[in-house]
Visitor: 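Submitted below is the structure of interest, expressed as C-alpha cells.
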Amino acid sequence: MSLGGWLGDRFADLRWWWDGWDRWDESLMNRRAFWAVLGTVGLVIALLIALVVLHQLIRTVVNEVVLRPLKTMQSVLRSTGPQNLGQRVPTAGAPDQLTDLTLTINDMLDRVALSYEGQRRFAANASHELRTPLAVQRALVEVTMVTEEDNPAVDRLGRELLLVNESSEALIEGLLVLAESDRGVSGAIPVRMDELADSVLDRYTDLAARHEVSLRRALQESIVPGDPLLLERMLGNLVHNAIKYNRTGGWVEVAVTSNGVTVHNTGREILAHQVAPLFEPFRRLVADRTSQREGAGLGLSIVRSITAAHHGTVDARPGQDGGLHVEIGLPAS
Ligand SMILES: Nc1ncnc2c1ncn2[C@@H]1O[C@H](COP(=O)(O)OP(=O)(O)OP(=O)(O)O)[C@@H](O)[C@H]1O
Ligand SMILES: [Mg+2]
C-alpha cells in the first residue's frame, strides 16, 4: 500500500471515530431525555399516590373525628321515642365543637322527657283516681237495683247507668294500659307468641260463636322477648276487634311466625286512607264519640304503643274481603 493510501485509510478511521463519538453523544442525549421523562412520569405517579393516600387519610380523620360522633348522634335521635326517652347522646370521643352541640341536644331531650313523663303520670294518676268513684257508683247502682227490684223504672235506669259505668271503666282502664305501655318494657322475658295467641283465641271462642264468626289459626313456634301481660293485651285487642267489627258468617285468621303476628278479618269495607287514623286514640270508623257502647277507641292505640315498647312495627291495610289486615313485626329472641 502506498503512503497516500495508508493515510487515507487512517483518516477514514478517524472519521469513523468522530462519527461514533457523535452517535455516542446523541444516544447520551437521548438517554438523558429518557431519564428526564421517566423521572417526571415517576414524580407525577408518586404525587398522585401521595394525593390518594392523603385523601384517604383526610377521609379517615373526618370520618373518625367528625362524622362518627355525628352518626352516633343521628342513630340515638332516630331511635328515641316515648319508650326510651331516657337515652342520651354520648359525649365521649367527640371533638370540642361537637361536645357543645351534644350537650345542647341532651339538655333538650331532658326537657322533652320531663314534660312527657309529667303528662304520662298525670294521665295515669287521673285514671287511677277515677277508678274508685266509678267502682262506688257501680256498687250503689247494683244495690239500688236489688232493693228496688219491683220497680221497672229503677231497673231500666239502673241498666242504663251500669252500661255507661262499664264503658267509663273500660275507658279508664284503657288509658291506664296506654300510660303503662308508653313507659316501655322493663325486664323482658322470653314469651311463646304461638301459645299466647292460642290461649287468647280460646278466650274469644264464645264471643266469636255469638257473632257467627269462625276463628282460624296458623301458629308457628315463636319466642319474643317481652312483657307477657302487655303482649297478651295486644293480641286480645286485635282479636276482639276482628270479631267485633266482622260480619255474620265471616272469619278471623291469626297467624304467628318468627317475624311476628298477623290478624286478618272480614268485615265492612275500609278505605286505605281510613286505616292509619284508627291507630290514634279515640278514633273510630264511625266517628261518634258520644256513643261509647262499641268501645272507647283506644284498642288500636294500645296495640301501637305495646308494639313500639317491644321495638316492633305495625303495618295495617284494608282486608281483601272488607275488615282489616294487621301485621305486627316483632324482633324474635
Ligand atoms: N279488625 C277490624 N276490622 C274492622 N274495623 C276495625 C278493626 N279494628 C278496628 N277497627 C275500626 O277501628 C276503630 C278503632 O279501633 P279501636 O280498637 O282503637 O277502638 P274501639 O274498638 O272502638 O274501642 P276499644 O278498643 O277502646 O274498646 C274501631 O272503632 C273500628 O271502627
Ligand atoms: Mg277495639
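Nothing here was measured: the structure is a model prediction, and the numbers come from that model. Counting starts at 1 for both ligands and their atoms, in listed order.
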Visitor: Does any N/O atom on Asn241 come nearer than 3.5 Å to any N/O atom on ligand 1?
Guide: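 Checking ligand 1 against Asn241, an N or O pair does fall under 3.5 Å apart.
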Visitor: Salt bridge (charged side-chain N to carboxylate O under 4.0 Å, His left out) with Glu173: which residues, sequence neighbours excluded?
Guide: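 Applying salt bridge (charged side-chain N to carboxylate O under 4.0 Å, His left out) to Glu173 gives Arg233.
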Visitor: Look at the side-chain heavy atoms of Ile, Leu, Val, Met, Phe, Trp and Tyr, link any pair under 4.5 Å apart, and say whether Val314 and Phe282 land in one connected group.
Guide: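 Hydrophobic grouping puts Val314 with Phe282.
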Visitor: With atoms numbered from 1 as shown, which atoms in ligand 1 lie under 4.0 angstrom from a non-hydrogen atom of Gly299?
Guide: 16 (P), 17 (O), 18 (O), 19 (O), 24 (P), 25 (O), 26 (O)
Visitor: Assess Ala242 for proximity to ligand 1: is some non-hydrogen atom of it under 4.0 Å away?
Guide: yes
Visitor: Considering only non-hydrogen protein atoms, determine which one is nearest to atom 31 (O) of ligand 1 and report residue, atom name and distance to 0.1 Å.
Guide: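 Nearest protein contact, heavy atoms only, for atom 31 (O) of ligand 1 is Leu285 CB, 2.9 Å.
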Visitor: Should the proximity of Lys244 to ligand 1, defined as any heavy atom under 4.0 Å, be assigned to the side chain, the backbone, both, or neither?
Guide: side chain
Visitor: Same hydrophobic cluster for Val252 and Leu285, using side-chain heavy-atom links shorter than 4.5 Å among ILVMFWY?
Guide: yes
Visitor: Would you say Ile270 and ligand 1 have an N/O pair spaced under 3.5 Å apart?
Guide: no
Visitor: When you measure from atom 22 (O) of ligand 1 to each heavy atom in Arg304, Gln274, Arg284, which option holds the nearest one?
Guide: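 Selected option, by shortest heavy-atom distance: Arg284.
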Visitor: Please tell me if the side chains of Met193 and Ile223 come closer than 4.5 Å, counting only heavy atoms from C-beta onward.
Guide: no
Visitor: Who passes salt bridge (charged side-chain N to carboxylate O under 4.0 Å, His left out) against Asp155, sequence neighbours left out?
Guide: Arg159
Visitor: Under 30°, 30 to 60°, or over 60°: which ring-plane class applies to Trp251 and His264, parallel, tilted or perpendicular?
Guide: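 Because their plane-to-plane angle is over 60°, the rings of Trp251 and His264 count as perpendicular.
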Visitor: How far is atom 26 (O) of ligand 1 from its nearest protein heavy atom, and which residue and atom name does that atom have?
Guide: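 For atom 26 (O) of ligand 1, the nearest protein heavy atom is Leu298 N, 2.8 Å.
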Visitor: Please walk me through it: do Glu280 and Ser301 pass side chain to side chain donor-acceptor pair (under 3.5 Å)?
Guide: CA-CA 6 Å; Glu280 297 299 325; Ser301 326; over 6 Å; no
Visitor: Quick one: do Arg111 and Tyr116 satisfy side chain to side chain donor-acceptor pair (under 3.5 Å)? Show the steps, please.
Guide: CA-CA 8 Å; Arg111 290 195 297 277; Tyr116 190 85; over 6 Å; no
Visitor: What protein N, O or S atoms come within a distance below 2.8 Å of the Mg ion (ligand 2), ordered by chain and number?
Guide: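 The answer, once waters are left aside, is Asn241 OD1.
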Visitor: Can you tell me the protein heavy atom closest to atom 20 (P) of ligand 1 and the distance?
Guide: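 Protein heavy atom with the smallest distance to atom 20 (P) of ligand 1: Tyr245 OH, 3.3 Å.
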Visitor: Could you identify the single nearest non-hydrogen protein atom to atom 11 (C) of ligand 1 and state the distance to 0.1 Å?
Guide: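 Looking at atom 11 (C) of ligand 1, the protein heavy atom closest to it is Leu278 CD1, 3.8 Å.
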Visitor: Show your reasoning for whether side chain to side chain donor-acceptor pair (under 3.5 Å) applies to Asp321 and Thr266.
Guide: CA-CA 5 Å; Asp321 198 0; Thr266 48; 5.7 Å; no
Visitor: Heavy atoms only: give me the nearest Pro90-Thr102 pair and the separation to one decimal.
Guide: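 The answer is O-CG2, 3.8 Å.
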Visitor: Around atom 14 (C) of ligand 1, find the nearest protein heavy atom and jot down its residue, atom name and distance.
Guide: Arg283 O, 3.3 Å
Visitor: How far is atom 19 (O) of ligand 1 from the closest protein heavy atom, and which atom is that?
Guide: Gly297 CA, 3.1 Å
Visitor: Measure the distance from atom 1 (N) of ligand 1 to every protein heavy atom, then report the residue, atom name and distance (to 0.1 Å) of the closest one.
Guide: Asn265 OD1, 2.9 Å
Visitor: Going by atom types alone, do Gln220 and Ser258 pair a side-chain donor with an acceptor below 3.5 Å?
Guide: no
Visitor: Tell me which protein heavy atom sits closest to atom 18 (O) of ligand 1, plus the residue, atom name and distance to 0.1 Å.
Guide: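 For this ligand atom, the closest protein heavy atom is Leu300 N, 2.8 Å.
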Visitor: Look at the side chain of Asn237 and the backbone N and O of Gly299, then say whether any donor-acceptor pair between them is shorter than 3.5 Å.
Guide: yes
Visitor: Pairs under 3.5 angstrom only: tabulate donor-acceptor contacts from the side chains of residues 57-68 to other protein residues two or more places apart or in another chain.
Guide:
| from | atom 1 | to | atom 2 | distance (Å) |
| --- | --- | --- | --- | --- |
| Thr60 | OG1 | Gln56 | O | 2.6 |
| Glu64 | OE1 | Arg68 | NE | 3.1 |
| Glu64 | OE1 | Arg68 | NH2 | 3.3 |

Visitor: So between Gly250, Gly267, Ala296, Pro281, whose heavy atom ends up nearest atom 24 (P) of ligand 1?
Guide: Ala296
